*Asks:* 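Here it is: the structure, laid out below.
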Amino acid sequence: AQKVTQAQTEISVVEKEDVTLDCVYETRDTTYYLFWYKQPPSGELVFLIRRNSFDEQNEISGRYSWNFQKSTSSFNFTITASQVVDSAVYFCALLIQDYKLSFGAGTTVTVRA
Amino acid sequence: GAVVSQHPSWVICKSGTSVKIECRSLDFQATTMFWYRQFPKQSLMLMATSNEGSKATYEQGVEKDKFLINHASLTLSTLTVTSAHPEDSSFYICSARVSSNYGYTFGSGTRLTVV
């Protein structure tokens, strides 16, 4: 069975600090997809990134970057120069061939001004 | 594109009554939709998968007679919480597969409070 672990429950930083969110996944499938979503206080889920299991290239999008390492089954997410608007709950999720997303427990990020 | 509209965004109902939550795909056809439940400060738990024109598939532990799912068209899936009780109070979110490349889009969620 697949599983996603986000060991960090809460992270609090001061504005402009960098913050890295850890995500470790488990699956026996060789083909899978990994996602990161942001859930602000309003509740809706905001899609951030999707990565398939055959693409280990790291990605940068503005202040966001992702580090995918199959060798350690990790898909970590870094916010550079954090801002108050980054305060939210961030979920890592795994998708295998059954099309069902498995979410991690989420990490609450609080950015203080 | 690929927007899912979920209504209502919040609802308060009395114990014993039923509540219907709607999810509509606005600019695409959603053959498969997913319903999640999220308790405060917890993760999203998949409740069921709904396929257009067929019966929904429920996850283990989810009462199908209590959470009725209907997916009668390619653009609409509904979740009805029947005989609601305070323990059903939660945040419910729907999601739809956008395309075969594993894109997913989520509704804005419905906060249900049963009093």
Side-chain angles (χ1 to χ4, degrees), chain A residues 1-12 21-25 27 29-55 75 87-110, chain B residues 1-11 21 23 26 30-52 54 56-60 62 71 89-113:
Chain A
Q2 63 275 16
K3 183 180 176 182
V4 178
T5 301
Q6 294 180 254
Q8 304 146 308
T9 306
E10 295 183 23
I11 299 176
S12 181
L21 310 181
D22 298 333
C23 173
V24 174
Y25 62 92
T27 180
D29 284 34
T30 55
T31 302
Y32 53 87
Y33 290 79
L34 294 163
F35 297 76
W36 275 97
Y37 289 92
K38 174 182 180 180
Q39 187 178 41
S42 59
E44 63 184 283
L45 282 173
V46 178
F47 167 79
L48 296 178
I49 190 172
R50 177 181 68 244
R51 173 69 72 233
N52 73 57
S53 53
F54 300 108
D55 182 3
F75 186 43
S87 297
V89 182
Y90 292 85
F91 290 99
C92 180
L94 169 68
L95 178 72
I96 60 172
Q97 297 300 310
D98 64 357
Y99 307 125
K100 299 177 185 178
L101 278 170
S102 295
F103 286 87
T107 299
T108 300
V109 174
T110 302
Chain B
V3 175
V4 170
S5 176
Q6 184 172 346
H7 293 280
S9 56
W10 61 270
V11 57
I21 302 170
C23 259
L26 297 185
T31 55
T32 303
M33 283 195 174
F34 304 88
W35 287 93
Y36 294 86
R37 182 175 184 175
Q38 185 181 29
F39 289 108
K41 298 187 182 298
Q42 294 191 24
S43 187
L44 283 78
M45 299 303 297
L46 180 65
M47 298 174 65
T49 302
S50 97
N51 294 293
E52 186 266 337
S54 63
T57 303
Y58 290 82
E59 295 299 301
Q60 194 173 4
V62 177
H71 194 160
S89 297
S90 189
F91 191 61
Y92 295 87
I93 309 174
C94 65
S95 173
R97 285 186 63 200
V98 177
S99 65
S100 60
N101 68 348
Y102 300 103
Y104 288 77
T105 188
F106 287 81
S108 55
T110 298
R111 196 164 302 280
L112 170 64
T113 303

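In what follows, chains are A, B, ... by sequence order, proteins preceding strands, each numbered from 1. These numbers were taken from a predicted model, which means no experiment stands behind them.
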*Asks:* Where on A:F103 is there a heavy atom nearer than 4.5 Å to chain B: the side chain, the backbone, both, or neither?
*Replies:*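 Both parts, heavy atoms under 4.5 Å.
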*Asks:* Working note: B:Q38 + A:Q39, criterion side-chain hydrogen bond (donor to acceptor under 3.5 Å, both in side chains); need CA distance, chi angles, decisive distance, verdict.
*Replies:* CA-CA 12 Å; B:Q38 185 181 29; A:Q39 187 178 41; 2.9 Å; yes
*Asks:* Please say whether the positively charged group of B:R97, taken as NZ for Lys or CZ for Arg, lies over the ring of A:Y99, i.e. under 6.0 angstrom from the six-membered ring centre and within 45 degrees of the axis.
*Replies:*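 Yes.
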*Asks:* Using non-hydrogen atoms and a 4.5 Å limit, figure out which bit of B:S108 sits close to chain A: side chain, backbone, both or neither.
*Replies:*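 Both parts, backbone and side chain.
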*Asks:* Here's a test for you: under ring-ring contact (aromatic ring centres under 6.0 Å, His included), which of B:Y36, B:Y104, B:F106 qualifies with A:Y37?
*Replies:*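 Only one of B:Y36, B:Y104, B:F106 forms a ring-ring contact (aromatic ring centres under 6.0 Å, His included) with A:Y37, namely B:F106.
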*Asks:* Pick whichever of A:T108, A:L101, A:N52 has the most heavy-atom pairs under 4.5 Å with chain B.
*Replies:*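 It is A:L101.
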*Asks:* Non-hydrogen atoms of chain A under 4.5 Å away: do they reach the side chain of B:Q6, the backbone, both or neither?
*Replies:*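 Answer is neither: B:Q6 stays 4.5 Å or more from chain A.
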*Asks:* Do A:F35 and A:F75 make the cut of ring centroids closer than 6.0 angstrom?
*Replies:*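 No, the ring of A:F35 stays outside the 6.0 Å limit from the ring of A:F75, centre to centre.
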*Asks:* Look only at the side chain of B:T32 and the backbone of B:N51, and say whether a donor-acceptor pair between them is shorter than 3.5 Å.
*Replies:*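 Judged by distance alone, no pair lies under 3.5 Å.
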*Asks:* Name the region of B:L44, side chain, backbone, both or neither, that has any atom closer than 4.5 Å to a heavy atom of chain A.
*Replies:*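 Both parts, backbone and side chain.
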